[in-house]
Amino acid sequence: MNNKRIWLSLAHMGGQEQQFIQEAFDTNWVVPLGPNVDGFEKDLENYLGEEKHIVALSAGTAAIHLALVQLGVGPGDEVICQSFTFSASANPIKYLGAEPVFVDSEPETWNMDPELLREAIEERIRVTGRKPKAIIPVHLYGMPAKMDEIMTIACAFEIPVLEDAAEALGAEYKGQKCGTFGEFACLSFNGNKMITTSGGGALVCSTKEEADFTKHLATQARDNAPHYQHSKVGYNYRLSNICAGIGRGQMLVLQEHVEARRRINKRYRQLLAGIPGISFQSNPSPDFNSNMWLTCIVVDAAEAGFTREELRLAMEQENIETRPLWKPMHLQPVFADAPYYGNETKVSERLFNDGLCLPSHPNLTDEDLERVCGVINKIAAKIH
Ligand SMILES: *Cc1c(COP(=O)(O)O)cnc(C)c1O
């Protein structure tokens, strides 16, 4: 039997990436700016629509950092962040000497619970006498957060929203692309994301002024002078023209990638239908259109007769890489002291304990998917 390693998430090249890189070499634009950077930003602007302004950066984390700088976040400030996420959503808050306040998820999208968000804002104002400086909802695994409810609360309290859309390129909420709802949004092009630049990210800005200022900050905040003059602390966060060349090639196949991931998700649902105790992260209504970056399942051990961890180990035995869902930030040692707003349903903690990401990249064949589901079928058949 075929036992080659099935990976969780792999990059997939469209074919034209090397041509854009070759152009950069041929024209000697092997630097952190140039025609590929401009072209990549234009491609992303056209794709997202909503008249957004995009700045390509060296990482999604850098994008979050520069957004928080522009939202005036500094020492002593608080920033509200979804707890159920990757640490990169929250780390830049600490870079600026500010404190994260974590909010748990609701069970439908697995993203920031609007009710708990309201509770958190009201209590932080009561306790500290000041409003949190920003709200960071995340579209986890490409599933749109409940943006109407979140934006309504953010507007009522006049707190800007920074969307973490690192996993959500191509996802839509009410027909509008994720990454276009907040004052700012971050995208990631790391190796395992929807598209890759071999490492990179972007900040989605609402105005040209914000985008210009982002570029200024990302290139060491050089003043307009013939010599090197600086009036502000700057960063070295621009994307290289070589990496942007990969990004331009990837933009040509982005929609194919989105469709491939959605197709894989659909196939998993067919192959696993009827297995007791297995459920999926699912679009709660037609308003939500996840890009299905990773297909995630939850194992209800009482009903399934096996635990998530038993399943993960069984997969590993068959040379299949799977991974538990993100460990919530309020359970991370590094954020042990941060305020946390959740309730007895403990949505993210439960998902962390019982959830599993299945292999979900465009290179997977139907045979691969059958092998993955075969492991689940086998372990379930032993019990039932
Ligand atoms: C990947 C990721 C980031 C960070 O992006 P990088 O490009 O790796 O810095 C931020 N938030 C989430 C939710 C992510 O998955």
Side-chain angles (χ1 to χ4, degrees), residues 8-11 32 40 44 54-69 79-95 100 102-105 109-112 134-145 147 150 161-171 178-179 181-182 184-204 214 218 235-240 243-244 246-247 250 257 261 281 290-296 323-330 332 334-335 348 351-352 355 357 360-361:
L8 183 70
S9 189
L10 284 181
F40 185 41
L44 286 164
I54 292 186
V55 182
L57 298 169
S58 55
T61 311
I64 297 173
H65 191 183
L66 293 188
L68 293 176
V69 168
V79 173
I80 293 186
C81 183
Q82 181 166 319
S83 183
F84 194 36
T85 187
F86 178 44
S87 65
S89 307
N91 280 333
I93 301 168
K94 297 294 273 188
Y95 301 169
F102 293 113
V103 169
D104 203 5
S105 296
T109 70
W110 302 3
N111 292 311
M112 186 179 276
I135 301 167
I136 308 178
V138 187
H139 308 295
L140 214 60
Y141 304 111
M143 176 63 68
M147 289 315 291
I150 290 170
V161 168
L162 159 56
E163 265 177 284
D164 184 338
E167 301 174 1
L169 187 58
C178 287
F181 291 88
F184 291 103
C186 89
L187 302 174
S188 170
F189 316 118
N190 211 326
N192 58 352
K193 297 289 162 75
M194 238 20 227
I195 61 168
T196 182
T197 58
S198 77
L203 185 62
V204 184
T214 303
Y235 305 83
N236 183 8
Y237 276 172
R238 244 348 209 151
L239 188 67
S240 91
C243 295
I246 305 175
Q250 290 270 286
H257 283 195
R261 301 230 183 204
Q281 185 189 34
S290 168
N291 64 13
M292 302 293 176
W293 172 55
L294 295 181
T295 288
C296 302
R323 194 172 296 153
L325 304 187
W326 297 119
K327 180 170 183 175
M329 292 306 112
H330 73 276
Q332 297 284 0
V334 64
F335 296 123
S348 63
L351 290 167
F352 169 60
C357 302
S360 315
H361 50 87

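Keep in mind it's a predicted model, so treat the numbers as computed, not measured. Read the numbers this way: they start at 1 and go in the same order the structure lists the ligands and their atoms.
- Judged by distance alone, the side chain of Arg238 and the main-chain N or O of Ala56 form a donor-acceptor pair under 3.5 Å.
- For the salt bridge (charged side-chain N to carboxylate O under 4.0 Å, His left out) condition, the pairs that include at least one residue of residues 83-95, sequence neighbours left out, are Lys94-Glu99.
- Remark: the Asp104 side chain and the Ser348 side chain contain an N/O donor-acceptor pair separated by less than 3.5 Å.
- If you look at ligand 1, the protein residues with a non-hydrogen atom under 4.0 Å away are Ala59, Gly60, Thr61, Thr85, Phe86, Ala88, Ser89, Val138, Asp164, Ala166, Glu167, Ser188, Asn190, Lys193, Gly200.
- The main-chain N or O of Ser360 is never found under 3.5 Å from a side-chain atom of Trp293 such that the two would form a donor-acceptor pair.
- Residues Phe352 and Leu325 approach most closely at CD1-O, 3.4 Å, considering heavy atoms.
- For Gln250 (side chain) and Thr197 (main-chain N/O), no donor-acceptor pair under 3.5 Å exists by modelled atom type.
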